Amino acid sequence: MSSKSLDYENLNENVKKCQYAVRGELYLRASELQKEGKKIIFTNVGNPHALGQKPLTFPRQVVALCQAPFLMDDPNVGTLFHADAIARAKHYLSMTSGGLGAYSDSRGLPGIRKEVAEFIERRDGYPSDPELIFLTDGASKGVMQILNSIIRGAHDGILVPVPQYPLYSATISLLGGSLVPYYLEETANWGLDIGNLRQSVTQARSQGITVRAMVIINPGNPTGQCLSEANLKEVLKFCYENNLVLLGDEVYQQNIYQDERPFISARKVLMDMGPPISKEVQLVSFHTVSKGYWGECGQRGGYFEMTNISPQTVEEIYKVASISLSPNVPGQIFMGLMVSPPKPGDISYERYVRESKGILESLRRRARIMTDGFNCCRNVVCNFTEGAMYSFPQIRLPLKVMEAAKRAGKVADVFYCLKLLEATGISTVPGSGFGQKEGVFHLRTTILPAEEDMPAIMASFKKFNDEFMEQYED
Ligand SMILES: Cc1ncc(COP(=O)(O)O)c(CN[C@@H]2CONC2=O)c1O
């Protein structure tokens, strides 16, 4: 029988080439162990509610009423839902053309895009145009749409920070483009070095690659660093000088755990720089409801905002978005609620502030507990998690581990993470899944396990690591 179209050997080569380590070998092994009854701590994915974080009450009340508007016909609805949640649900339902079951415009509901624009204006102090904001099924889909618009073939290069979040490497592979790495400096707390950027671009160009865009992830995933205003100015100037569109992945902008480098958006810095840069540099900024203190990953709410992109290009991106008909409407409503939460004086305001502040303060404490826990191990060095949701310690491994890993046919940090998983049930992602310098090894875990469980998890890690090192030390 001749081989069929969807047989492996006939698949699109780009499909076979792309990799996404966050749900790769370690995750699959952890799932197997879980099926065998082993207790697994899935700290490999930035998935807060899967690790016990409670959803914020107000957004869930509003979306519940939007999903089941008949509840508002019940005379007792006020005993279960606050008046501001009821009013908000009616506000969103009035924007739809028949409730949550109807498609919306392919760019998302205009009323919610307006709320996003108003949020950006409040945050940055510059006007934002709803016509340049598209709502998406999570930031992932927005990133894929924009990269799809940029990459024309193998000679088109995208500058990506290494270590990087593998949505970028996987999507660039899938689209048949070229990833151009720029290495973050671990000893400078994962700082971005413009000299390294220049070197990467020069090298890529010498290989016939046209570098077309640059990705920044701020705060960083997996590295957690927060870019300073000075860094952002350097990057925007670099993009201006090299005619690059900047993709500003800012999905962790609510996740800030230090006061030295508060979040500042690439768009604000761009506008502050004034002409010619503020008029010339093309920027696309991404945000999501999956992160922050919302953590509503499963709702699939996201947006991207375009700056200095021509109407003709916006039309093309709109045309492609229309192929998927409509971003999911509940996710859009979550986005509207996130960018326009209860205000002082609203009935739900106190509870909203109490819940969100509580989550953020706990995340900040957990970042510290985890960093200190890793740094208690003699062969582990861990930068503090300034932002985002991850810890990315460097694990120094002796020669015998390299040899054992080689015999097992594994990369050294995959070998280490598998042993960690088998011994403790802690499911992580090996640093090799994010890219790292030759001969240096890391793992990525999240700071999401419940705060009360953290000390025990870090003790379990230390016990494993010290025993592992005894077994393999030179
Ligand atoms: C930097 C970055 N950008 C975009 C996304 C996509 O988010 P949504 O599509 O959900 O909006 C993620 C998700 N982070 C993944 C998910 O969990 N762990 C991770 O590393 C991310 O870390």
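Counting starts at 1 for both ligands and their atoms, in listed order. Everything quoted here is computed from the prediction, not taken from an experiment.
- Taking 4.0 Å as the cut-off, Arg300 counts as a neighbour of ligand 1 on heavy-atom distance.
- For atom 5 (C) of ligand 1, the nearest non-hydrogen atom from the set Tyr390, Tyr252, Tyr165 belongs to Tyr165.
- Per-residue contacts place Thr288 under 4.0 angstrom from the following atoms of ligand 1 (heavy atoms of the residue considered): 8 (P), 11 (O).
- Every atom of ligand 1 is numbered from 1 in the order shown, and the set under 4.0 Å from a heavy atom of Ile217 is 1 (C).
- Of all atoms in ligand 1, listed by their number and element, those nearer than 4.0 Å to a heavy atom of Arg444 are 18 (N), 19 (C), 20 (O).
- Between Phe134 and Phe304, the ring center distance clears the sub-6.0 Å criterion.
- The ligand atoms of ligand 1 that sit less than 4.0 angstrom from a heavy atom of Ser290 are 8 (P), 10 (O), 11 (O).
- The distance criterion of under 3.5 Å between nitrogen or oxygen atoms is met by Asp249 with respect to ligand 1.
- With a 4.0 Å heavy-atom cut-off, ligand 1 is reached by the backbone of Val45 and by its side chain too.
- Distances shorter than 4.0 angstrom occur between a heavy atom of Val251 and an atom of ligand 1.
- A salt bridge is absent between Glu361 and Arg366: the closest approach of a Lys/Arg side-chain nitrogen to an acidic carboxylate oxygen does not fall below 4.0 angstrom.
- In this structure, Phe334 and Trp294 have perpendicular ring planes: the angle between them is above 60°, well past the 30° mark.
- The shortest N or O to N or O distance between Ala139 and ligand 1 is under 3.5 Å.
- For Phe286 and Tyr303, the ring centers sit 6.0 Å or farther from each other.
- For the pair Phe286 and ligand 1, no heavy-atom separation below 4.0 Å is found.
- For Phe374 and Phe461, the ring centers sit closer than 6.0 Å to each other.
- The pair Asp129-Lys114 does not meet the salt-bridge criterion, since no charged nitrogen lies less than 4.0 angstrom from a carboxylate oxygen.
- Contact of the Asn255 side chain with the Leu363 side chain is registered, since non-hydrogen atoms from C-beta on lie closer than 4.5 Å.
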| query | Would Glu32 and Arg29 count as a salt bridge (charged side-chain N to carboxylate O under 4.0 Å, His left out) if you check the C-alpha gap in whole Å, the side-chain angles of each, and the deciding distance to 0.1 Å? | reply | CA-CA 5 Å; Glu32 273 170 25; Arg29 179 65 186 135; 2.7 Å; yes

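- Interface atoms of ligand 1 facing Gly46, defined by a heavy-atom separation under 4.0 Å, are 17 (O), 18 (N).
- Close contacts of ligand 1 with Lys291, meaning ligand atoms under 4.0 Å from a residue heavy atom, involve 13 (C), 14 (N), 15 (C), 16 (C), 17 (O).
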